[in-house]
Enquirer: 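Take this structure, written in structure tokens, and hold onto it; I'll ask about it next.
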Amino acid sequence: INDTLGHLAGDQLLRSVGQRLRDTVRGADAVARLGGDEFTVVLEELASTEAATQTARKLREAIGQPVVLGAHRITVAASIGIALYPDDGADTEALIDAADAAMYRAKHDRWSLVSTRD
């Protein structure tokens with residue numbers, strides 16, 4: 001986007017994605033942009049692994065809705081990695097590393113949702 005439509009359009013797209021992420025999760029959950037086009041979402045007190053997967057599906061659907069930037073209609077996709085406490089890590093750094101590894105596996109697989117158990 002930055003190369004074709006300019007940095008302003010890229011920034012608008014990132015803000016739009018960030019807002020969609022915030023609008024999709026609960027108020028107690030956290031959304032942060034790590035840098036570039038990478039975001040992290042921390043979901044508090046999930047009932048099950050399936051709840052994490054279901055939320056990831058909702059996030060992917062929200063991100064996949066077209067964004068209008070001036071005269072352009074942009075559609076983006078997301079690769080999502082899931083890590084669960086305490087199984088995948090006992091601290092923030094370990095959980096981020098586990099989710100990051102799962103996300104990179106998702107980028108290389110046909111699936112765009114991958115947990116650390118896949």
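Heavy-atom basis, side chains included; hydrogens, waters and symmetry copies ignored.
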Enquirer: R73: which residues meet the salt bridge (Lys or Arg N to Asp or Glu O under 4.0 Å) condition with it, sequence neighbours left out?
Expert: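 Here no residue qualifies.
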Enquirer: Looking only at side chains, do R15 and Q12 share a donor and an acceptor under 3.5 Å apart?
Expert: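 No, because no side-chain N or O of R15 sits under 3.5 Å from a partner of the opposite role on Q12.
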Enquirer: Are K58 and V25 side-chain neighbours, meaning at least one heavy-atom pair lies under 4.5 Å?
Expert: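 Side chain of K58 against side chain of V25, heavy atoms only: no contact under 4.5 Å found.
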Enquirer: Of the non-hydrogen atoms in K107 and S79, which two are nearest, and what is the gap between them?
Expert: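 K107 and S79 have their closest heavy atoms at CG-OG, 3.2 Å.
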Enquirer: For I80 and A56, work out which heavy atoms get closest and say how close.
Expert: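 Taking every non-hydrogen atom into account, CD1-O, 3.4 Å.
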Enquirer: What distance do I63 atom CD1 and R60 atom CZ have between them, rounded to the nearest 0.5 Å?
Expert: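 Between atom CD1 of I63 and atom CZ of R60 there are 9.5 Å.
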Enquirer: Answer whether the closest heavy-atom distance between the side chains of V76 and V67 falls below 4.5 Å.
Expert: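 V76 does not reach V67 side chain to side chain.
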Enquirer: Just wondering, are more than 12 heavy atoms of other shown residues or ligands nearer than 6.0 Å to CD in E93?
Expert: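 No.
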Enquirer: Checking D11 now: which residues fulfil side chain to side chain donor-acceptor pair (under 3.5 Å) with it, not counting sequence neighbours?
Expert: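 Partners of D11 under the side chain to side chain donor-acceptor pair (under 3.5 Å) test: none.
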Enquirer: Who pairs with E45 by salt bridge (Lys or Arg N to Asp or Glu O under 4.0 Å), at least two apart in sequence or on another chain?
Expert: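 In terms of salt bridge (Lys or Arg N to Asp or Glu O under 4.0 Å), with neighbours along the sequence ignored, E45 is linked to no residue.
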Enquirer: Heavy-atom count check: over 12 atoms from other residues, nucleotides or ligands less than 6.0 Å from E61 CD?
Expert: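 Open: at most 12 neighbouring heavy atoms sit under 6.0 Å from CD of E61.
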Enquirer: If you measure from CG on L84 to OG1 on T49, what distance do you get to the nearest 0.5 Å?
Expert: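 That separation rounds to 5.0 Å.
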Enquirer: Between G18 and V31, which heavy-atom pair has the shortest distance, and what is it?
Expert: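 Scanning both residues, the minimum pair turns out to be O-CG1, 4.3 Å.
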Enquirer: What residues form a salt bridge (Lys or Arg N to Asp or Glu O under 4.0 Å) with D37, not counting sequence neighbours?
Expert: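 Applying salt bridge (Lys or Arg N to Asp or Glu O under 4.0 Å) to D37 gives none.
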Enquirer: If you compare all heavy atoms of A52 against all heavy atoms of L46, which two are closest, and at what distance to 0.1 Å?
Expert: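 Nearest pair, atom of A52 first, then L46: CB-CD1, 3.6 Å.
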Enquirer: For A99 and A83, work out which heavy atoms get closest and say how close.
Expert: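 For A99 and A83, the tightest heavy-atom pair comes out as N-CB, 3.6 Å.
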Enquirer: Who are the side chain to side chain donor-acceptor pair (under 3.5 Å) partners of R33, not counting sequence neighbours?
Expert: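 Checked R33 against side chain to side chain donor-acceptor pair (under 3.5 Å); zero matches.
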Enquirer: About how many Å separate NE2 of H72 and CD1 of I1, when rounded to the nearest 0.5 Å?
Expert: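 Spacing of CD1 (I1) from NE2 (H72) equals 9.0 Å.
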Enquirer: Specify the closest pair of heavy atoms between R26 and E44, including all atoms of both residues, with the distance to one decimal.
Expert: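 Taking every non-hydrogen atom into account, NH2-O, 2.5 Å.
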Enquirer: As an exercise, state the distance from CG of L21 to CG of L59, rounded to the nearest 0.5 Å.
Expert: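 Reported value, rounded in 0.5 Å steps: 5.5 Å.
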Enquirer: Checking I74 against L5 for the side-chain contact (heavy atoms from CB on, under 4.5 Å) test, could you report, in this order, the C-alpha distance in whole Å, the side-chain angles of both residues, the deciding distance, and whether it holds?
Expert: CA-CA 11 Å; I74 308 296; L5 300 179; 3.9 Å; yes
Enquirer: Please tell me if the side chains of T40 and D100 come closer than 4.5 Å, counting only heavy atoms from C-beta onward.
Expert: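 Sidechains of D100 and T40: no contact.
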Enquirer: Okay, side chain of D88, backbone of L95: is any donor-acceptor separation there less than 3.5 Å?
Expert: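 No, because the side chain of D88 does not come within donor-acceptor range (under 3.5 Å) of the backbone of L95.
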Enquirer: Just how far is it from atom CG of N2 to atom NE2 of H7, taken to the nearest 0.5 Å?
Expert: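 Output value for this atom pair is 4.5 Å.
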Enquirer: For D3, check side chain to side chain donor-acceptor pair (under 3.5 Å) against everything at least two apart and list the hits.
Expert: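 Partners of D3 by the side chain to side chain donor-acceptor pair (under 3.5 Å) criterion come out as none, since no residue qualifies.
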